[in-house]
Amino acid sequence: MSFLTRSSTHRLADRLFRWLTIACAASTLLLAGAILWNLIANSWPSISRFGFGFITSTQWNPVKSEYGAASSIYGTLVSTAVALLLALPVSLAIALFLTSYAPPWLARIVGTCVELLAAIPSIIYGMWGLFVFAPYMQKTLQPWLARLPGPLFSGAPLGVGMLTAGIILALMILPFLTAVMRDVFAMTPPVLMESAAGMGSTSWEVTRHISIPHGMRGLVGATFLGLGRAIGETMAVTFVIGNSHRIAGSLFAPGNTIASTLANEFNEADSPLLESALIELGLILFAITLIIQVLAQLWLRSLQKHQAR
Amino acid sequence: MAELRLPHRSPGARKAMDVFIRFFSVTSATIGIFFLCWILWVVLKRGHSVLSLSFFTSAPPSPGEGTGGIYYALVGTLKMTGLACLMGVPLGLLTGVHLAEFGRHSWFAAAVRFCVNLLMGIPSILVGLFAYTVIVLSVPKHYSGYAGAFALAIIMLPTVARTTEDMLLLVPDTLRESTLALGIPRWRMITGILFRAARKGLLTGVLLSISRVSGETAPLLFTALNNNYYPKNLGRPTANLTVTIYNYAMSPYENWQRVAWGASLVIMAFLLGITVLLRTLLRERSHR
Amino acid sequence: MNQTIESIPHTTVSETVIDDPILSAQDLCFWYGNSQALFENNLDIAPRKITAIIGPSGCGKSTHIRVYNRIFEQYRGQRASGRVLMDGLDLLAPDTDIITLRRRIGMIFQKPTPFPMSIFENVAYGVRLHFSFTKRELEQKVEESLRAAALWSEVKDLLHRPGTALSGGQQQRLCIARALAMSPEILLMDEPTSAIDPVATARIEELMLELKQRLTIVIVTHNMQQAARISDYTAFFYQGRIIEFGPTARLFTKPTHPQTEEYITGRFG
């Protein structure tokens, strides 16, 4: 008799524990839903006032209560694009260095150093960027780049601006990209690389024709990861982007991103409409990250299927 | 011989490309190290002068005069992070347990997994915005350390959940089966045996999540704000390290800027330390 | 290093002389880090013949042929000393052009290694690296190589399918076609049939006998029947040394060294 009672107590405890974990797991669903719902609900005044025009309008005028997201969206996309453009080849090259060129002891040191770049908090990147790197950009790099033809590098070298923000973002996503790419390269079967080398490929050709196609899906996954990180980065960008609601063709020009506009203006937002417009900016950022996230996960799922075959 | 008539390509250009890539790869590695050293050096150079024991134990200086310290901000950050741990770690841990132990193939677990990944990828400033709308805006509108801790907990949760799932999945199924075969109930098997087997991994997850939030500024901007007073309770705007750095660095007062650099050095040293610790923890795992 | 005091002689008892060898290894030694794997071996490879290298596992037979195309240089800590002459030049010399060397000496591995690209691109890969052909010439070369590897009829309608979609035996023949497309003079085969079923093995052996008309083959095999069936010369390796080398028929019927006899009669290894 006592034997049976004990077992049913255990069964009850088991069931309770199971439901506890389900409740906790459900909280993540609840959170994700609540975030979306709250952003929509709180940006509703702005959505109903400006409609779709919000996305395309370049106005940002607290005096006339006219708000548009175009410059922030533009700045977000451009600074992220600059960051990816710089960070992708460099991280690829570092990953190559770590996996094929450097002797193991050196690879360990360099690998740790690159990883430590991820440990530096965003706000320190911002301070270093504003007080040290921006003046350097202004005095050295920008005058030098200005000699290149084309509108991208034109205008006054201010130090702060889109290009500086892009470079700092590139530094910040570099460790994440490098880590994934190193793993991808390390996964290439040695016999495949031997085989390509045995046909007279140089070591770059082995990477180019074998390792990169072999790990293509992983590399694209890494790119999504970097994209997601760069697009919502706040503090570092807020320090160095110059915070202007204008769209300029030159990378030297100051601009803003969704995140930097939020960080700069949200606490000073004195009208409910401005606050609502800022939250709608947040909603747009959320939508962009959601799209990236869905694409990345779909991609990873097809990757797993591919590997399973 | 037929071969002689073949249009051979000279390997010169291909070799040159190979050498160029090699050069570029060494250069890139140097660039990475160079920037790391540059940033570390700047923070060290500008931050070390204010560093002393009293820096950790004194109140913030008045604008423009005095040296002062980061005592209030330090306490506020510790309190908020601690509270965030109390909320985020158990939730994340149990979510991870559900994913690894109960829901390996269910649609519910798949949805949870998606949301965990989504939460992990959400920009931290949006988490701050969310905490603002949920907690700060509750009537009457008031900024508080609780709102800050809530935002930090949301950032910790997915990290803990993901690492917990990964680490529990590393424990071989034979251990589960042999434990259950002894007649031990499932919840005791999980909390007693699996947690013990994976304890280093679980610790790694918690440390990882702490390191993720301790450098965060954006989620606190609209929630905890900042304060010049000792954070006795978290019901009011609460002093904290990162927003203090932000405010002081942007201020025109030279003594505040010095404090900002000093505080940066403290945070950076903490984060570098924890990263190195995590690396060794993870290395031990892979060596076993 | 120059003086080994072990009792095992490293020249064969019955001197088999190869006239005009295409490859000639002289005093070849090899190290994996600090452990020596080959000990001052001498071996001549006869042109347009099949030379089989046999011996128990770990005896250095794979290591030996991996010296010929210097593929061992892919790895840190592996090094060779001695000389390997090809056309009177030492291919181990530092100034040897490895790219050209590997074009002239193709290699087939134990496991098929189709590249992550289509069947056509797999075969065209080496051709594109080493020659500047027009598109039409390239297509001809690919077809010719696939025919030479006895694979054309099976894949001619699937040229744009991934190489990994083929069966194991087909993949191995794809790798042979890929090597042949570079017009090599020598083909190194490192246990090419050990991961393949008997029917596919028979096809590859047949193919090797055909290829012998045009090029030199050095094959490492642990299958003594295979060595006896297809090779003209056989070298028996044991513990990093060449114990015996000679015409296959002679070596398998009248081995002069007791260790050779023990191995081929199956008493060890």
Side-chain angles (χ1 to χ4, degrees), chain A residues 10 13-14 17-18 20-22 24-25 27-29 31-32 34-35 38-39 42 90 93-94 96-97 101-102 110 112-117 119-125 127-128 132 171 174 202-205 228 231-235 259 262-263 266-267 279 282 285-286 289-290 292-293 297, chain B residues 14-15 17-18 21-22 24-26 28-29 31-33 35-36 39 42-43 91 94-95 97-99 102-103 109 111-112 114-119 121-126 129-130 133-134 154 157-158 161 185-187 215 217-218 221-222 242 245-246 249 260 264 267-268 271-272 275 279:
Chain A
H10 283 321
D14 259 0
F17 184 73
R18 192 195 161 105
L20 183 65
T21 69
I22 288 180
C24 290
S27 74
T28 60
L29 296 177
L31 263 178
I35 290 176
N38 263 288
L39 288 177
N42 284 286
V90 172
I94 296 180
L96 260 186
F97 180 78
Y101 296 144
V110 174
T112 309
C113 283
V114 173
E115 220 167 282
L116 286 183
L117 277 175
I120 298 175
S122 160
I123 188 155
I124 292 182
Y125 274 105
M127 283 171 72
W128 167 81
V132 180
L171 273 179
L174 194 66
T202 63
S203 89
W204 163 242
E205 283 160 350
I231 220 150
E233 180 47 54
T234 309
M235 299 318 292
L262 279 171
F266 194 76
N267 280 337
I279 294 179
L285 181 59
F286 184 80
T289 34
L290 187 69
I292 293 174
Q293 200 60 229
Q297 296 208 19
Chain B
R14 297 171 46 208
K15 280 183 185 164
M17 184 64 185
D18 194 51
I21 294 291
R22 209 168 276 250
F24 179 59
S25 126
V26 175
S28 298
I31 288 176
I33 296 178
F35 275 101
L36 177 75
I39 296 170
V42 164
V43 175
L91 266 176
L94 289 172
T95 304
V97 166
H98 181 80
L99 294 178
F102 298 112
V112 170
F114 177 83
C115 284
V116 166
N117 285 336
L118 178 68
L119 288 175
I122 284 186
S124 56
I125 191 156
L126 292 185
L129 211 55
F130 171 67
T133 59
V134 174
I154 296 178
L157 195 162
R186 199 157 182 188
W187 72 278
T217 315
L221 281 178
F222 322 137
T242 45
I245 294 176
Y246 180 50
S264 300
I267 283 198
M268 206 176 68
L271 281 172
L272 292 185
T275 305
R279 254 185 85 93

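Proteins come first, then strands; the chains are lettered A, B, ... in the order of their sequence lines, and each starts at number 1. On a predicted model such as this, the values are computed, not experimentally measured, just so you know.
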Under a 4.5 Å heavy-atom cutoff, which of [options] has the most pairs with chain B?
options: A:M127, A:R18, A:E233, A:E115; value: A:M127
options: A:L20, A:I292, A:T112, A:V110; value: A:T112
options: A:L174, A:V114, A:T289, A:N267; value: A:N267

Please flag which part of [X] lies under 4.5 Å from any non-hydrogen atom of chain B: side chain, backbone, both or neither.
X: A:T234; value: side chain
X: A:N42; value: side chain
X: A:M235; value: side chain
X: A:A34; value: both
X: A:I231; value: neither
X: A:L39; value: side chain
X: A:I124; value: side chain
X: A:S27; value: side chain
X: A:Y101; value: side chain
X: A:I22; value: both

When only pairs under 4.5 Å are counted, which of [options] shares the most heavy-atom pairs with chain A?
options: B:I21, B:I122, B:L271; value: B:I21
options: B:I39, B:L221, B:I31; value: B:I39
options: B:N117, B:V42, B:V134; value: B:N117
options: B:I245, B:L129, B:T275; value: B:L129
options: B:G32, B:A29, B:G215, B:P158; value: B:A29
options: B:M17, B:R22, B:R186; value: B:R22

Looking at [X] and [Y], what are the two nearest heavy atoms and their distance?
X: B:V112; Y: A:A25; result: CG2-O, 3.7 Å
X: A:G282; Y: A:L262; result: CA-CD1, 4.1 Å
X: B:Y246; Y: A:A263; result: OH-O, 4.3 Å

With the side chain counted from C-beta on, respond yes when [X] and [Y] share a heavy-atom pair under 4.5 Å apart, and no when they do not.
X: B:T133; Y: B:F222; answer: no
X: A:W204; Y: A:L96; answer: yes
X: A:C24; Y: B:H98; answer: no

Quick one: [atom1] on [X] to [atom2] on [Y], what's the gap to the nearest 0.5 Å?
X: B:T217; Y: A:I123; atom1: OG1; atom2: CD1; value: 3.5 Å
X: A:F286; Y: A:N38; atom1: CZ; atom2: CG; value: 11.0 Å
X: B:F114; Y: B:L119; atom1: CZ; atom2: CG; value: 10.0 Å
X: B:L99; Y: B:L94; atom1: CG; atom2: CG; value: 11.0 Å
X: A:T28; Y: B:I154; atom1: OG1; atom2: CD1; value: 11.5 Å
X: A:Y125; Y: B:F35; atom1: OH; atom2: CZ; value: 10.0 Å

Contacting moiety of [X], where chain A heavy atoms sit under 4.5 Å:
X: B:R14; result: both
X: B:L126; result: side chain
X: B:V26; result: both
X: B:A260; result: both

CA sep, side-chain torsions, deciding dist, call: A:I120, A:W128, side-chain contact (heavy atoms from CB on, under 4.5 Å): CA-CA 11 Å; A:I120 298 175; A:W128 167 81; over 6 Å; no
Test item: A:E205 side-chain N/O and A:T202 main-chain N/O as donor-acceptor pair under 3.5 Å: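 Yes; at least one donor-acceptor contact below 3.5 Å.
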